[in-house]
Number of protein chains: 2
Amino acid sequence: MGKQMTEMLKGTLEGIVLAILGGQPAYGYEITARLRDQGFTDIAEGTIYALLVRIEQRGLVDVEKVPSEKGPPRKVYSLNTLGSGYLEEFWKTWSFLAERIEHLHIGHPQEQGEK
Amino acid sequence: MGKQMTEMLKGTLEGIVLAILGGQPAYGYEITARLRDQGFTDIAEGTIYALLVRIEQRGLVDVEKVPSEKGPPRKVYSLNTLGSGYLEEFWKTWSFLAERIEHLHIGHPQEQGEK
DNA sequence: ACCAGTACATAGTATCGCTGAATAGCAGCT
DNA sequence: AGCTGCTATTCAGCGATACTATGTACTGGT
């Protein structure tokens, strides 16, 4: 992708990760891999780990260290009550924004240019 | 709104403004007012003006100074060819992201279940 | 003269995601 | 034992964006 995606991910990537953790606990490497599978091929590992540190410091997740058979111990993150509330607000914010943007999209379909 | 919205607007606000300009030319103050009408009550004027300066410097818009009866001359921005292409890419990026996020939303609404 | 409304501009701050590298454990191969 | 590759986490420095707060400039009403 490119710069547009990078900027657009600001604020939403956090929600995406929280939503994934809302489904089931996971650790950083796993989350990165899952995102890649879903098409986010350009998201750097470092980005996810930094994000996980942030949401941990804000108390949105609980952490448990689990030994791995193939490397250093995994830090397994799970969404706690505070995180669930935050995720709920994320969905509200997202819905608000998405609704208005879709409205703009339908309002003036930009299908006139050719590439 | 709050901090979530602030972060989420990064990257999307530019697309929103370009989409508005794609509908018809407009000037900064007007754009700000229209955004407020649409529910974006917390978007500061300074944010819009700074954004307009950026997209002008990138050559995405053409500018025309039009005298106003009630204040300093208006800077009317209109989307040019380059800007249209950029807007088109914005919609692609947005669609990609929105699709995946909606999938996450539908994927695990409130319950966590096994697949 | 004062103030509200219109209209634009900007310096300073905080946050976020990316780049690039370092650190560390384990397995298989030579 | 050393090398390579995969797993797994961490961190410093950078670029881009939106917000805060303020300032400038013009018009009309009181």
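Each chain gets a letter, A, B and so on, in the order its sequence line appears, and its residues count up from 1. In this text the structure is predicted, and so the values were computed from the model without any measurement.
Qualifying side-chain hydrogen bond (donor to acceptor under 3.5 Å, both in side chains) partners for B/E45, counting only residues two or more places apart in sequence or in other chains: none. Remark: A/F40 pairs with B/F96 by the ring-ring contact (aromatic ring centres under 6.0 Å, His included) rule, at least two apart or across chains. Here A/Y86 pairs with nothing under the ring-ring contact (aromatic ring centres under 6.0 Å, His included) rule; sequence neighbours left out.
For the atom pair B/S95 OG and A/H105 NE2, the distance stands at 5.5 Å (nearest 0.5 Å).
Residue B/P72 is the one, among A/G11 and B/P72, whose nearest nucleotide of DNA chain C lies closer to the 5' end (criterion: closest heavy atom). Take the nearest nucleotide of DNA chain D for B/K70 and for B/I43: the residue whose nucleotide is more 5' is B/I43. If you find the closest nucleotide of DNA chain C to A/G71 and to B/R74, the one lying nearer the 5' end belongs to B/R74.
Scanning atom types as modelled, one donor and one acceptor separated by under 3.5 angstrom connect the side chain of A/K10 and the base of C/dC16.
Whole-Å rounding puts the A/R36 CZ to C/dC18 P distance at 10 Å. Computed from coordinates, the A/E69 CD to C/dA24 C1' distance equals 17 Å when rounded to whole Å. The nearest whole Å value for the distance from the CE atom in B/M8 to the P atom in C/dG17 is 11 Å. Between A/L13 atom CG and C/dC18 atom C1' there is a gap of 11 Å when expressed in whole angstrom units. What separates NZ of A/K3 from P of C/dG17 is a distance of 16 Å, to the nearest Å. Nucleotide C/dG17 holds its C1' atom 12 Å from the CG atom of A/D42, rounded to whole Å. Put simply, CD on A/E14 is 12 Å from C1' on C/dG17, counting in whole angstrom units. Taking atom CG of B/L9 as the reference point, atom P of C/dC16 lies 14 Å away to the nearest angstrom.
Contacts between residues 45-54 of chain A and DNA chain D, counted as heavy-atom distances below 4.0 Å, involve A/E45, A/G46, A/Y49. Within a heavy-atom distance below 4.0 Å of DNA chain D, no residue of residues 26-35 of chain B is found. At a non-hydrogen distance threshold of 4.0 Å, B/R58 from residues 55-64 of chain B come into contact with DNA chain D.
Interface limits on DNA chain D: the 5'-most and 3'-most nucleotides within less than 4.0 Å of chain B heavy atoms are D/dT17 to D/dT27.
Between its two ends, the helix from C/dA1-D/dT30 to C/dT30-D/dA1 turns its axis by 20°, counting five pairs per end and rounding to 10 degrees.
Pairs passing the salt bridge (Lys or Arg N to Asp or Glu O under 4.0 Å) check and including a residue from residues 62-72 of chain B, sequence neighbours excluded, do not occur. Evaluation of the salt bridge (Lys or Arg N to Asp or Glu O under 4.0 Å) test over residues 81-92 of chain A, restricted to residues two or more places apart or in two chains, returns none.
Counting all heavy atoms, side chain and backbone alike, B/E7 lies closest to A/G11 at CB-CA, 3.6 Å. What you find for B/W91 and B/A19 is that their closest heavy atoms are CZ2-CB, 3.9 Å.
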Go through the steps to decide whether A/T12 and B/T12 satisfy the test side-chain contact (heavy atoms from CB on, under 4.5 Å), and finish with yes or no. CA-CA 11 Å; A/T12 56; B/T12 55; over 6 Å; no
Could you walk me through whether B/D42 and B/T6 pass the side-chain contact (heavy atoms from CB on, under 4.5 Å) check? CA-CA 9 Å; B/D42 289 357; B/T6 294; over 6 Å; no
Worked check of side-chain contact (heavy atoms from CB on, under 4.5 Å) between B/Y77 and B/L52: CA-CA 8 Å; B/Y77 296 84; B/L52 290 171; 3.7 Å; yes
Test A/W94 against B/E102 for side-chain hydrogen bond (donor to acceptor under 3.5 Å, both in side chains), laying out the working first. CA-CA 10 Å; A/W94 167 261; B/E102 286 305 330; 2.9 Å; yes
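Residue B/L82 is grouped with residue B/F90 when hydrophobic side chains (ILVMFWY) are merged at heavy-atom distances under 4.5 angstrom, including chains of intermediate members. Hydrophobic clustering places A/Y49 together with A/V66 (ILVMFWY residues linked when any side-chain heavy atoms are closer than 4.5 Å, directly or through intermediates).
Test A/L87, A/L79, A/L51 against A/V17 for side chain to side chain contact (heavy atoms under 4.5 Å, CB included) and you get one pass: A/L51.
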Which donor-acceptor pairs under 3.5 Å do side chains of residues 25-36 of chain A form with protein atoms, sequence neighbours excluded?
| from | atom 1 | to | atom 2 | distance (Å) |
| --- | --- | --- | --- | --- |
| A/Y27 | OH | A/R74 | NE | 3.3 |
| A/Y27 | OH | A/R74 | NH2 | 3.2 |
| A/E30 | OE1 | A/Y27 | N | 3.2 |
| A/E30 | OE2 | A/R34 | NH2 | 3.2 |
| A/T32 | OG1 | A/G28 | O | 3.0 |
| A/R36 | NH1 | A/T41 | O | 2.9 |
| A/R36 | NH1 | A/I43 | O | 3.2 |
| A/R36 | NH2 | A/I43 | O | 3.4 |

Would you list the atom pairs, donor with acceptor, under 3.5 Å between side chains in residues 54-61 of chain A and any protein atom, with sequence neighbours excluded?
| from | atom 1 | to | atom 2 | distance (Å) |
| --- | --- | --- | --- | --- |
| A/R58 | NH1 | A/E14 | OE1 | 3.2 |

